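For reference, the structure is listed below as C-alpha cells.
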Amino acid sequence: MKDAFGTPQSLLVLGGTSDIALATARRLIARRTRTVWLAGRPSPDLDEAAAHLRGLGADVRTVAFDALAPASHETVLGKVFAEGDVDMVLLAFGVLGDQANDERDPVAAVRVAQTNYTGAVSAGLVCARALQVQGHGSLVVLSSVAGERARRANFIYGSSKAGLDAFAQGLGDALHRTGVHVMVVRPGFVRSRMTAGLPEAPLATTPEAVASAIELGLRRRSETVWVPGTLRLVMSALRHVPRPLFRRLPL
Amino acid sequence: MRGAERTQANATICPFVGDIVAGMPAETVPSTTLTPSPAASPASPASLASVPVTGWGRTAPTVARLIRPCTYEEAAAAVRACGARGGIARGLGRAYGDAAQNAGGAVLDMTGLDRIHAIDVDGGTVRCDAGVSLHRLMEVLLPLGWFVPVTPGTRYVTVGGAIGADIHGKNHHVSGSFSRHVLSLELLTADGGIRTVSRGTPLFDATTGGMGLTGVILSATVRLLPVETSLMSVDTERARDLDDLMARLTMTDDRYRYSVAWIDLLARGASTGRSVLTRGDHAPLDALPTRARRHPLEFRTRRLPAVPAHVPEGLLGRTTVGVFNALWYRKTPRSRTGELQRISSFFHPLDGVPHWNRVYGRSGFVQYQFVVGYDREEALRRIVQRISRHRCPSFLAVLKRFGEGDPGWLSFPMPGWTLALDIPAGLPGLAAFLDELDEEVAAADGRVYLAKDARLRPELLAGMYPRLAEFRELRRTLDPGGVFVSDLARRLGL
Ligand SMILES: Cc1cc2nc3c(=O)[nH]c(=O)nc-3n(C[C@H](O)[C@H](O)[C@H](O)COP(=O)(O)OP(=O)(O)OC[C@H]3O[C@@H](n4cnc5c(N)ncnc54)[C@H](O)[C@@H]3O)c2cc1C
Ligand SMILES: NC(=O)c1ccc[n+]([C@@H]2O[C@H](COP(=O)([O-])OP(=O)(O)OC[C@H]3O[C@@H](n4cnc5c(N)ncnc54)[C@H](OP(=O)(O)O)[C@@H]3O)[C@@H](O)[C@H]2O)c1
C-alpha cells in the first residue's frame with residue numbers, strides 16, 4: 001500500500017532497463033519500496049538492472065515483456081498482479097527512433113508508433129483494469145514534451161507521444177473515483193541512454209530530477225508533471241506560436 | 001415495556017440485574033433477537049457503490065464497497081459475501097490513517113448498528129451495539145449519573161473503534177485503556193459466526209487493539225464511571241519548558257484523574273517544550289454554584305459551523321501555527337484552580353468545529369504519536385528537540401503520562417511518556433523526518449500508535465509490538481482465508 005506520502009511499497013516497471021525508471025526505482029527503494037518487478041525484453045542489461053536494485057535491498061524480479069507484442073500483455077502482466085498488489089506501475093518503455101531514417105522507412109516509423117503508442121494502449125489498459133480491481137494504485141506514464149506540439153525534427157516520435165499523452169489523460173478521467181491515480185509525466189530533454197550522443201536541448205535535465213518530480217507528484221496526487229517545472233510555461237507559450245513561425249524555430 | 005426489555009437482555013449475552021433505562025428512544029430498543037439463525041435468508045444490507053475512503057488525516061484514499069449493516073444478520077451476510085479482497089469494520093473513521101479502509105474490498109460502516117440494549121443503572125454497566133458513539137453514550141448516560149470509562153480527544157468515535165484501537169484518554173495513568181472496562185463483547189468472526197468473547201481469553205486480547213482484524217465487534221458490555229455532575233473541575237498551570245513540565249507531571253499527576261499537557265513545539269531555545277497543563281476530575285455536586293445544582297447532570301455541547309469542503313493548501317504554516325501557539329500559551333494564566341468546565345470543552349475542544357480536519361487542505365495531515373518508557377526520558381527530550389528544530393507547524397501537540405498497559409496484544413499504551421502531534425502531510429521532508437523519529441522511538445523500546453499511523457516502516461513493527469507474531473498466528477488460525485484485512489494490515493503486514 002502507498003503511505004500517507006504516496007510512496008509505494010511495490011513497483012512494476014514496464015521498460016525495465018529505462019534510465020529514468022531505474023532512477024525512480026532507486027529513489028523509491030530508499031523510501032518504502034520493497035518489491036520491484038522489472039518488465040522488459042530479456043537481456044543482460046535487464047538482469048544487471050535487477051541485480052543492482054537488489055543490492056539496494058529490494059526484492060526484484062524480472063518478467064519478459066515486449067511492448068510490440070500486445071497480445072501477450074494480458075497474460076504476462078496478469079501473472080505479476082496475481083502475485084500481489086502493485087502500488088505503482090511506471091510505464092517507461094519507449095523508443096526515440098531515427099527521424100531522418102524513419103521518414104524514408106515507414107516500417108521503422110510504424111515501429112516507433114507501435115512501441116510508444118499502441119504498445120502503451122494495450123499495457124496501460126491491462127494495468128488499469130488490474131489496479132481498478134485492487135481499488136488503489138498509481139499508473140505513472142512517461143510522456144514527453146515532444147507530444148505537446150509536433151516538431152519538424154521529430155514528429156514521428158512526437159506524434160506517438162501525443163497519442164500516448166491523450167490516451168493517458170483520458171484513462172485518468174475514466175479512472176476518476178476508482179481509487180486509481182493516473183499521472184502523466186512530461187519531461188523535456190533528459191540525459192539518458194535514449195538521448196546519448198544527441199545535442200542537448202535547452203532546460204536539459206537528468207533521470208534523477210525526473211525521479212524526484214515523480215515522487216513529489218505521487219505525494220500530491222498530481223495528474224500532470226512537467227520536468228523541469230518551468231517547461232509548463234515554456235510549452236504553453238510555444239503552443240500558441242503561429243505555424244509559419246513555429247516551423248522556423250530552431251527546435 | 002421495561003420487563004420485556006429486560007427479558008431480551010437476559011436472553012442474549014449476559015444477565016442484567018439492575019434497572020433498565022426507561023424512556024429510551026425507540027431506536028435503542030432491540031428489534032430482533034441477537035442470535036443470527038444461519039438459516040435466515042441474508043437480508044441485503046443498505047449498500048452503497050464503490051466509494052473513496054480515507055481516515056481522519058485524509059491521506060492515501062482507496063476505493064471500497066461501503067456496506068452499512070443495520071442488523072447482526074446483515075453484518076454476518078456482509079462478512080460471508082466479502083469476496084477476494086476481504087472486509088474491515090469501520091466506525092466513525094476517526095483513526096487518522098488507513099486502519100478503517102480496505103482497497104478493492106468491503107468496508108462495513110458499523111454506525112447502522114446503533115442500539116443501546118441495556119443500562120444497569122445500579123451496577124453501572126451498559127450493553128450496546130458497536131456502532132454506538134461515545135457522544136451518544138454520554139447523552140444517554142450522563143443524566144443517569146454515569147460517564148464513559150475512557151474518552152479520547154473526540155466524542156465521535158464508536159464503541160467498536162474504541163475497542164479496536166484500545167483507546168486511551170486523559171485518565172490512562174489511573175484507569176488504563178478502554179479495554180480495561182470492557183466486560184465482554186460479541187465478535188463476528190471470519191466463518192460468519194458470532195462468538196461471545198470474555199476477558200482473559202486470547203481472542204479478547206487479540207481483539208482489543210487488534211484494529212478490526214480479528215473480526216467485527218457487534219456489541220460490548222462496558223463498565224461505567226459514576227459522576228455527580230456533568231462538569232469538570234479543572235486546574236490549569238503553565239510549564240516553562242520540557243523539564244519543568246515533566247517534573248510537574250511526575251510529581252503531581254497521581255492527584256488527578258485526568259491529566260494532559262499541551263506543548264508548543266514551535267517554541268525554541270530555552271522555551272523548548274513550554275506547555276499548558278490541564279488536569280482535573282468530575283466536579284462533585286457541592287462544587288457547583290447553587291443554581292447549577294438544580295440540573296447537575298445536563299450534557300451540553302456547542303458546535304460551530306463546519307469547515308468548508310475545499311480549503312486552500314498551506315493555511316497552517318509555520319507562521320500561523322507559531323502565532324496561534326504563542327497566543328494560546330500567553331492567554332493561559334500562570335495557574336488557576338477549580339475552574340468549572342463543560343465535558344466538551346475539557347475533553348473534546350476540537351469537536352466544536354465539525355470537519356476541522358479539512359483545514360489541512362487536499363494533502364491532508366498525519367498525526368504522529370509514540371510512547372517511550374519512564375526510563376527513556378532522554379529519547380523524549382531528543383525527539384522534542386528535533387521536532388522543534390525541524391520547525392514542524394504542529395498545533396495541539398499533547399504530552400501525557402501513561403499508567404500500566406493492558407493485555408491487548410497490539411494495544412498501544414505502556415507505562416511511559418506519550419507525545420502526539422499533527423503535521424500537514426505536504427511539509428517538505430516530512431516522510432524522512434518521521435522515519436528518523438521512528439528510529440529514536442524504536443531504539444528506546446517505544447512504539448507508535450497504529451490508530452494514528454499512515455506511514456510507519458513495516459520492519460519496525462515487530463520490535464515495537466513484541467506480541468505481533470502471536471497476533472499473526474491467531475489470525476492465521478481464526479481467519480485462514482484472510483477475510484478481515486485493511487489497508488493498514490496490508491501496509492504493515494499485520
Ligand atoms: C480529534 C481526535 C482525537 C483523538 N484522541 C484520541 C485519544 O485521546 N486517545 C486515543 O486512544 N485515540 C484518540 N483518537 C483516535 C480515535 O480514538 C481512534 O482512532 C478510534 O479507534 C476511532 O474510532 P472510530 O469509531 O472512528 O473507528 P474507525 O476510525 O472507523 O476505526 C478504527 C479501528 O477500529 C476498527 N473498528 C471500528 N469499529 C469496529 C468494530 N465494530 N469491530 C471491529 N473493529 C472495529 C477499525 O477496523 C479500525 O481498525 C483521536 C482521534 C481524533 C480524530
Ligand atoms: N530521455 C529523454 O530525453 C526523454 C524525454 C521525455 C520522455 N522520455 C520517455 O521516457 C521513457 C524512458 O526513457 P529513458 O530516457 O529512460 O530511455 P531508455 O533508457 O532508452 O529507456 C527506454 C526503455 O524502453 C524499453 N523498450 C523499448 N522498446 C521496447 C519494447 N518493444 N518492449 C519493451 N521495452 C521496450 C527499453 O528496453 P530495452 O533495454 O529492451 O531496449 C528501455 O528500457 C521513454 O518512454 C521516453 O520516451 C525520455
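Computed from heavy atoms alone, side chains included, the values below leave out hydrogens, waters and symmetry copies. All values reported here derive from a predicted model rather than from experimental measurement. In what follows, chains carry the letters A, B, and so on, assigned in the order in which the sequence lines appear, proteins first and then strands, with residues in each chain numbered from 1.
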At a 4.5 Å cut-off on heavy atoms, which part of [X] comes close to chain A: side chain, backbone, both, or neither?
X: B/N102; answer: neither
X: B/R58; answer: backbone
X: B/L456; answer: backbone

- request: Rounded to the nearest 0.5 Å, what's the gap from CG on A/D3 to CZ on B/R457? Could you check?
  value: 11.0 Å

Nearest heavy atoms of [X] and [Y], plus distance in Å:
X: B/A103; Y: A/M1; result: CB-CE, 4.1 Å
X: A/V133; Y: B/R85; result: O-CD, 3.4 Å
X: A/A4; Y: B/T59; result: CB-OG1, 3.6 Å
X: B/A432; Y: A/R31; result: CA-NH1, 3.6 Å
X: A/R219; Y: B/L427; result: NH1-O, 4.4 Å

Near [X] [atom1], under 6.0 Å, is it more than 12 heavy atoms from other residues, nucleotides or ligands?
X: A/E48; atom1: CD; value: no
X: B/H310; atom1: NE2; value: no
X: A/R129; atom1: CZ; value: no

- prompt: Between B/R455 (side chain) and A/F5 (backbone), is there a donor-acceptor pair under 3.5 Å?
  reply: no

query: Any donor-acceptor pair under 3.5 Å linking the side chain of A/R221 with the backbone of B/S363?
result: no

Option that, when pairs with chain A are counted at under 4.5 Å, heavy atom only, ranks first among [options]:
options: B/A454, B/A60, B/P52, B/A431; result: B/A431
options: B/G105, B/G426, B/G57, B/G55; result: B/G426
options: B/A84, B/A425, B/G97; result: B/A425

May I have the list of side-chain donor-acceptor pairs in residues 16-29 of chain A shorter than 3.5 Å, sequence neighbours left out?
{"from": "A/T17", "atom 1": "OG1", "to": "A/R193", "atom 2": "NH2", "distance (Å)": "3.2"}
{"from": "A/S18", "atom 1": "OG", "to": "A/I20", "atom 2": "N", "distance (Å)": "3.3"}
{"from": "A/S18", "atom 1": "OG", "to": "A/A21", "atom 2": "N", "distance (Å)": "2.9"}
{"from": "A/D19", "atom 1": "OD2", "to": "A/R193", "atom 2": "N", "distance (Å)": "2.7"}
{"from": "A/T24", "atom 1": "OG1", "to": "A/I20", "atom 2": "O", "distance (Å)": "2.8"}
{"from": "A/R26", "atom 1": "NH2", "to": "A/E208", "atom 2": "OE2", "distance (Å)": "3.1"}
{"from": "A/R27", "atom 1": "NE", "to": "A/E215", "atom 2": "OE1", "distance (Å)": "2.5"}
{"from": "A/R27", "atom 1": "NH2", "to": "A/E215", "atom 2": "OE1", "distance (Å)": "3.2"}

task: With a 4.5 Å heavy-atom cut-off (strictly below), which parts of residues 120-128 of chain A touch chain B? List them by number.
output: none

statement: Among residues 7-15 of chain A, residues within the sub-4.5 Å heavy-atom range of chain B, in order of number, are A/Q9

- request: Please report the C-alpha distance between B/D435 and A/R32 in whole Å, then the side-chain angles of each, then the deciding distance to 0.1 Å, and finally whether the salt bridge (charged side-chain N to carboxylate O under 4.0 Å, His left out) criterion is met.
  value: CA-CA 10 Å; B/D435 283 354; A/R32 284 289 184 277; 2.6 Å; yes

List the atom pairs, donor and acceptor, that lie under 3.5 Å between side-chain atoms in residues 171-179 of chain A and the rest of the protein, sequence neighbours left out.
{"from": "A/T178", "atom 1": "OG1", "to": "A/L175", "atom 2": "O", "distance (Å)": "2.5"}
{"from": "A/T178", "atom 1": "OG1", "to": "A/V180", "atom 2": "N", "distance (Å)": "3.3"}

message: With a 4.5 angstrom heavy-atom cut-off, is it the side chain or the backbone of A/D85 that approaches chain B, or both, or neither?
response: side chain

- prompt: Does the distance from a Lys or Arg side-chain N to an Asp or Glu carboxylate O, for B/D487 and A/K2, drop under 4.0 Å?
  reply: no

